[in-house]
Amino acid sequence: MMTSRKLLEQLVAFDTTSRESNLALIDFVRRYLTELGVSCELVHNAERSKANLYARLGPAGNGGVMLSGHSDVVPVDGQNWSVPPFALTEREGKLYGRGTADMKGFIACVLAAVPHFLAQPLAQPLHLAISYDEEVGCLGVRTLLDVLSARPEKPAICIIGEPTELQPVLGHKGKLGVRCEVQGAACHSAYAPQGVNAIEYAAKLIHHLMMTGQRLAAPQYQDARFDPPFTTVQTGVIRGGQALNIVPDDCLFDFEVRTLPQDDAQEVLRDLERYAQHELLPQMHAVNRDTAIRFYPLSSYPALYTAEQSAAARLIALLTGSEAFSTVAFGTEGGLFSQAGIPCVVCGPGSIAQGHKPDEFIAVEQLNACDALLRRLAAWMCQPA
Ligand SMILES: [Zn+2]
């Protein structure tokens with residue numbers, strides 16, 4: 001029988017940085033499960049260079065619990081590691097390696113628990129899902145959810161094993177990233193009014209976004225479950241112009257909206273589009289018809305909040321022994337699972353404080369605690385839901 005630690009060693013050795021294929025890792029998991037008598041389904045991307053893995057243990061039918069994790073990790077480029085990132089190194093009760101916390105540690109515990117689940121008289125199905133391309137905008141899991149939501153039977157609860165130090169987390173904000181391109185009209189800066197200054201119009205759009213952000217931060221929209229307790233809007237990238245004596249004919253900027261579950265990021269975008277359409281474009285076109293403002297989606301995922309009274313929240317409280325429900329600042333695939341009709345909670349070993357950093361690690365104690373939590377889950381699943 002493979003321990004979670006031994007499995008973690010294997011999983012960390014696959015370089016599954018999001019830009020790489022994850023097929024070697026998926027093949028390893030598929031072979032491991034197949035040898036235990038569990039059949040797997042793979043859902044590939046269009047290029048067939050990556051895949052999600054789905055498997056079911058125990059009885060067929062509706063309901064049951066899904067355990068979900070992503071196989072990809074963030075890059076180590078430019079990071080100063082004191083240990084090899086794609087190998088497991090133990091030091092003083094900590095296991096170092098890229099993905100140990102985010103989130104191969106959880107996947108290792110789940111795989112190590114499979115023989116135990118198989119040995120139990122499960123009264124409900126146990127679903128396993130391993131995705132790709134989570135770190136680049138929760139992209140991969142969408143195709144898996146398309147397949148799963150087309151089926152009559154659905155898991156009743158999903159546990160997303162992102163690192164929360166095994167604390168029960170019920171939600172996080174959603175995110176929308178957008179690129180805006182302003183196409184102006186160039187001219188010699190001595191005749192500035194004859195041109196359309198793309199940077200200045202971009203500045204007006206960015207200012208409009210700042211005003212929107214201020215409005216959404218007003219006390220009546222705040223929600224103390226989140227930190228900061230309101231939807232935030234910010235511009236993170238801007239590029240434009242050639243030289244000071246040329247009126248710039250192009251400017252692009254990227255902005256993001258991080259929304260509370262009750263706010264709609266698309267509404268922020270629609271409001272900006274209306275402002276562009278009705279206020280700015282008429283002024284730009286009055287000078288030059290060949291000017292434009294265009295918007296391109298960059299990435300998005302929905303917010304998550306699962307009610308305290310839900311079956312998912314009650315189960316995770318039981319498993320963790322804690323009702324100190326909280327939210328996290330980072331995004332997960334949970335919002336997409338919830339949209340697909342599978343209520344989610346977030347709970348996994350390790351800390352996000354170590355995620356995405358050099359010398360990422362997970363404490364051995366956290367792996368052991370996750371092994372124990374999964375045994376409690378197996379016992380709970382022997383009773384009908
Ligand atoms: Zn993660």
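Note that this is a predicted model, so its numbers are computed, not measured. Remember, it's 1-based here, ligands and their atoms both numbered in the order they're listed.
- Around the Zn ion (ligand 1), the protein contributes the following N, O or S atoms under 2.8 Å, ordered by chain and number: H70 NE2, D102 OD1, E162 OE1, E162 OE2.
- In this structure a side-chain-to-backbone donor-acceptor pair under 3.5 Å is present from Q79 to H356.
- Legend: residues meeting side chain to side chain contact (heavy atoms under 4.5 Å, CB included) with R91, ordered by chain and number and at least two apart, are S82, V83, Y96.
- With sequence neighbours excluded, the residues satisfying ring-ring contact (aromatic ring centres under 6.0 Å, His included) with Y275 are H208.
- Under the ring-ring contact (aromatic ring centres under 6.0 Å, His included) criterion, F28 pairs with F14, sequence neighbours left out.
- The closest side-chain heavy-atom distance from V147 to R151 is below 4.5 Å.
- Using a 4.5 Å heavy-atom cutoff, the side chains of H70 and Y132 are not in contact.
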